[in-house]
Amino acid sequence: MPDKPAFYVTTPIYYVNDVPHIGHAYSTVGADALARFKRMDGYEVYFLTGTDEHGQKIAKTAQEEGVTPLQLADRVVERFKEAWVKLGITYDRFIRTTDEDHRKTAQAFFMKVREAGYIYKGQYEGWYCLPDEKFLLDSEVEDGPNGTKTCPDCGRPVERVKEENYFFAMSKFQKQLEKYLEDHPEFLQPESRKNELINNFIKPGLADVSITRSTVKWGIPAPVPEETVIYVWFDALINYISAIGWPDGEKFKKFWPADVHIIGKDILRFHTTIWPTMLMAAGVSLPKKVFGTGYINKDGKKMSKSLGNVVDPFELAATYGPDALRYYLLREIAFGLDGNYTDEAFQTRFNGDLANDLGNLVSRSLTMLEKYFDGIIPQVSFEGDLESRLVITARPYAGLARKYMDNLEFHNALIKAWDLIKAANKYIDQTAPYKIAKEGDAGKEKLATVMYSLMESLRVTALSIAPFMPFTATSIWKQLGYADDVHKHSLAETEEWGKIPVGQKIAKGQALFPRIEKKK
RNA sequence: GGCGGGGUAGCUCAGUUGGUUAGAGCGACGGUCUCAUAAUCCGUAGGUCGAGAGUUCGAAUCUCUCCCCCGCUACCA
């Protein structure tokens with residue numbers, strides 16, 4: 001078997017201090033659509049997701065709940081895994097930063113960077129709140145009376161302390177990083193965030209970062225004589241290579257460098273400063289692309305627990321189906337921009353695009369095939385202009401979708417997939433098979449052509465939407481009478497016309513997307 | 001304050017390197033078919049392209065000034 005080209009996509013590893021929410025669902029669904037698309041397009045894909053489990057916050061939350069940090073993490077991890085099953089996420093590995101191989105790799109990576117001379121001992125200076133046993137940043141402390149500083153949590157005065165820590169000499173990679181960004185314009189995406197990052201963080205100068213914490217206990221022990229743990233970010237970022245067996249695992253050799261790290265815009269910074277310079281320090285090549293997604297607002301406002309306007313994606317998926325949620329996220333919002341969720345927009349997308357356009361097309365087409373040909377796909381007898389128009393609509397999809405998917409423009413790929421759906425609805429109107437049917441035997445050949453063309457349209461549609469709406473694609477595929485798995489088929493098959501087997505018996509099912517009755 | 005991104009039909013947005021009457025979807029209005037989830041399909045809607053000035057034979061698209069909105073400016077993940 002010839003070697004397939006490799007494709008490696010990652011999501012962020014989610015911090016287990018919070019249960020899965022729509023932001024997690026968004027980036028993960030996007031990564032999944034991309035992974036599925038690439039698989040269908042002939043790539044050997046490795047799709048990584050997981051959880052980030054170390055750090056002071058986790059330790060604190062666990063303590064408050066009277067469990068160990070690991071117990072807390074175990075519980076939240078289950079929530080994530082369940083969530084991803086429900087949304088049809090096809091990850092290859094769910095990595096946890098508490099996994100043994102990750103811990104070892106993180107330590108080895110630390111050693112490697114240290115041996116390379118980029119880790120040194122230094123003084124970390126900052127504010128410390130003694131009662132809370134907590135380090136605070138300059139930006140976190142608040143002004144107290146007489147020029148003193150106070151703790152934002154408890155209001156008590158903080159003191160200036162020094163801690164001996166290990167530092168990563170990020171500043172040494174200033175020039176190298178700037179050059180890399182210049183030479184690789186596609187590295188930092190979306191474009192709109194690029195200057196923001198470069199001007200704010202990179203050009204002003206990279207500062208060395210303290211990468212050990214002796215006051216934090218919950219973390220990976222640093223491979224140094226002192227008792228101290230590796231700073232969570234240094235630990236977490238390494239997941240992308242520990243998951244595939246850096247430095248000499250087979251998977252690492254095959255899949256690294258990653259094709260794209262999909263992340264939230266809030267952590268774009270870490271992925272375009274610390275991460276690339278860490279890799280430079282260790283002599284590892286850099287990922288090809290880092291893509292920051294936007295936030296999803298509710299009714300134009302930031303979602304927050306205090307506002308009580310948090311949208312539960314899993315409730316939506318349970319009510320309207322996982323594909324309705326996936327479709328909304330990928331079609332309504334341009335990946336990379338901030339998006340908005342409203343019940344109205346969801347309903348409009350659902351009824352308009354899914355129920356009326358797609359669901360109804362499947363329904364009306366299969367019903368007619370049952371009525372006119374007992375559900376058996378007839379031999380096509382001729383092809384006219386109207387049929388050619390369907391073919392012409394279907395054929396360019398694969399090429400355009402490849403281009404869009406490489407730029408993570410999911411919404412554009414979906415718009416193109418809908419071209420055929422719309423064209424097929426129009427085709428029915430233009431050919432009016434229900435009228436031909438009344439002509440009896442005289443129109444039989446013509447009717448066969450129309451019905452065959454419709455089945456072909458559905459076949460191509462099922463393949464086109466499979467990466468985005470896997471459950472729906474499977475349902476259409478089965479209704480078309482196929483016994484195998486639509487997801488095992490290839491994107492290239494959308495470019496061919498006339499593949500659905502004559503004589504195949506369809507099996508019409510229930511409505512794919514029952515219309516949502518208007519509220520209010 | 002600094003840096004960045006935007007202001008285009010009622011709403012959400014497209015508008016490549018400046019070039020004929022500025023586009024799509026949704027909504028609205030009118031019409032049509034009847035296979036279908038009262039779905040589809042067709043037509044209509046006329047927005048000073050934030051404001052002003054400039055460059056040009058010609059600008060939504062380039063330059064300048066101004067107004068408004070948003071994001072980033074944290075060794076928290």
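Computed from a predicted model, the values in this text were never measured in an experiment. Letters go in sequence order (proteins before strands), and every chain restarts at 1.
Salt-bridge check for A:K265 with A:E196: failed, with every basic side-chain N at 4.0 Å or more from each acidic carboxylate O. A salt bridge is absent between A:D429 and A:K426; no separation between the charged side-chain nitrogens and carboxylate oxygens falls under 4.0 Å.
Evaluation of atom-type donor-acceptor distances gives a pair under 3.5 Å for the side chain of A:R213 against the base of B:C75.
Counting only N and O atoms by type, the side chains of A:Y372 and A:D374 include no donor and acceptor under 3.5 Å apart. A:T61 and A:N17 are linked by a side-chain donor-acceptor pair at a separation below 3.5 angstrom, with hydrogens and angles left out of the test. Defined by atom type and a distance below 3.5 Å, a donor-acceptor pair is present between the side-chain atoms of A:T10 and A:H261. No donor-acceptor contact under 3.5 angstrom links the side chains of A:Y231 and A:N165, judged on distance only. No hydrogens or angles considered: a donor-acceptor pair under 3.5 Å links the side chains of A:Y427 and A:E387.
Separating the C1' atom of B:G15 from that of B:G7 is a span of 15 Å, rounded to the nearest Å. Rounded to whole Å, the P atom of B:G52 lies 15 Å from the corresponding atom of B:U8. Nucleotides B:U21 and B:G25 have their P atoms positioned 22 Å apart, rounded to a whole Å. Taking the P atom of each, B:G5 and B:G10 are spaced 28 Å apart, rounded to whole Å. Nucleotides B:A45 and B:G2 have their C1' atoms positioned 46 Å apart, rounded to a whole Å. B:A59 and B:A51 have their P atoms separated by 15 Å, given to the nearest Å. Look at the P atom in both B:G43 and B:C11: the space between them is 25 Å, to the nearest Å. A gap of 32 Å separates the P atoms of B:A53 and B:G71, to the nearest Å.
One can place CG of A:D338 at 14 Å from C1' of B:G4, the figure rounded to the nearest angstrom. One atom, CG of A:N425, and another, P of B:C42, lie 10 Å apart when rounded to the nearest Å. Put simply, CG on A:L337 is 12 Å from C1' on B:A14, counting in whole angstrom units. Between A:E332 atom CD and B:U12 atom C1' there is a gap of 7 Å when expressed in whole angstrom units. In this structure, CG of A:N297 is placed 13 Å from P of B:U12, rounded to the nearest angstrom. To the nearest angstrom, P of B:C35 lies 16 Å from CG of A:L369. In this structure, the CZ atom of A:F350 is 15 Å from the P atom of B:U37, given to the nearest Å. Put simply, CZ on A:F346 is 22 Å from P on B:G25, counting in whole angstrom units.
Using a 4.0 Å heavy-atom criterion, one finds that A:T367 contacts the sugar-phosphate atoms exclusively. Nucleic acid contact class of A:K371 (heavy atoms, under 4.0 Å, all strands): sugar-phosphate only. Using a 4.0 Å heavy-atom distance criterion, A:G352 is classed as making no nucleic acid contact. Heavy atoms of A:P433 sit nowhere under 4.0 angstrom from any nucleic acid atom.
For A:L512, the listed nucleotide lying nearest its side chain is B:U37; candidates were B:C76, B:C41, B:U37. Set against B:A77, B:G4, B:C41, the side chain of A:K426 has B:C41 as its closest nucleotide. Nearest nucleotide to the A:Y231 side chain, out of B:A77, B:C72, B:U40: B:A77. For A:N360, the side-chain atoms get nearest to B:A39 when compared with the rest of B:U40, B:A39, B:U73. For A:N200, the listed nucleotide lying nearest its side chain is B:U73; candidates were B:C35, B:A77, B:U73. Nearest to the side chain of A:K57, among B:C35, B:G5, B:C76, sits B:C76. The side chain of A:A355 lies closest to B:U37 when the candidates are B:G5, B:U37, B:G2. The side chain of A:F201 sits closest to B:C72 out of B:C72, B:G5, B:C75. Checking B:G5, B:U37, B:C76 against every side-chain atom of A:S192, the shortest atom distance belongs to B:G5. Of the candidates B:U37, B:C75, B:A77, the closest approach to any side-chain atom of A:V209 belongs to B:C75.
The shortest distance between the side-chain N/O atoms of A:Y295 and the OP1/OP2 oxygens of B:G71 is not below 4.0 Å. The shortest distance between the side-chain N/O atoms of A:Y427 and the OP1/OP2 oxygens of B:U40 is not below 4.0 Å. Distances shown here put a side-chain N or O of A:R515 below 4.0 Å from the OP1 or OP2 atom of B:A39. Residue A:N356 places at least one side-chain N or O closer than 4.0 Å to OP1 or OP2 of B:U40. Proximity of A:K422 to the phosphate of B:G25: no side-chain N or O atom is located under 4.0 Å from OP1 or OP2. For the OP1/OP2 pair of B:G2 and a distance below 4.0 Å, the side-chain nitrogens and oxygens of A:N199 include no atom meeting the criterion. Of the side-chain N and O atoms in A:K508, none sit less than 4.0 angstrom from OP1 or OP2 of B:A36.
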Just the dot-bracket of RNA chain B, please: which string comes out with Watson-Crick or G-U pairs under 3.5 Å, [ ] for crossing, | for another strand?
-> (((((((..((((.....[...)))).((((.........)))).....(((((..]....))))))))))))....
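Projected onto RNA chain B by closest heavy-atom contact, A:Y372 and A:A236 fall at different nucleotides, the more 5' of which corresponds to A:Y372. Map A:A432 and A:I421 each onto its nearest nucleotide of RNA chain B; the residue landing nearer the 5' end is A:A432.
Taking the ring centroids of A:Y26 and A:F335, they lie under the 6.0 Å cut-off. Less than 6.0 angstrom separates the ring centroid of A:F173 from the ring centroid of A:Y118.
Of the possible donor and acceptor atoms, none in the side chain of A:H271 sits under 3.5 Å from a partner among the backbone N and O of A:L268.
With a 6.0 Å cutoff to the six-membered ring centre and a 45° limit on the axis angle, A:R114 does not count as a cation-pi contact of A:Y166.
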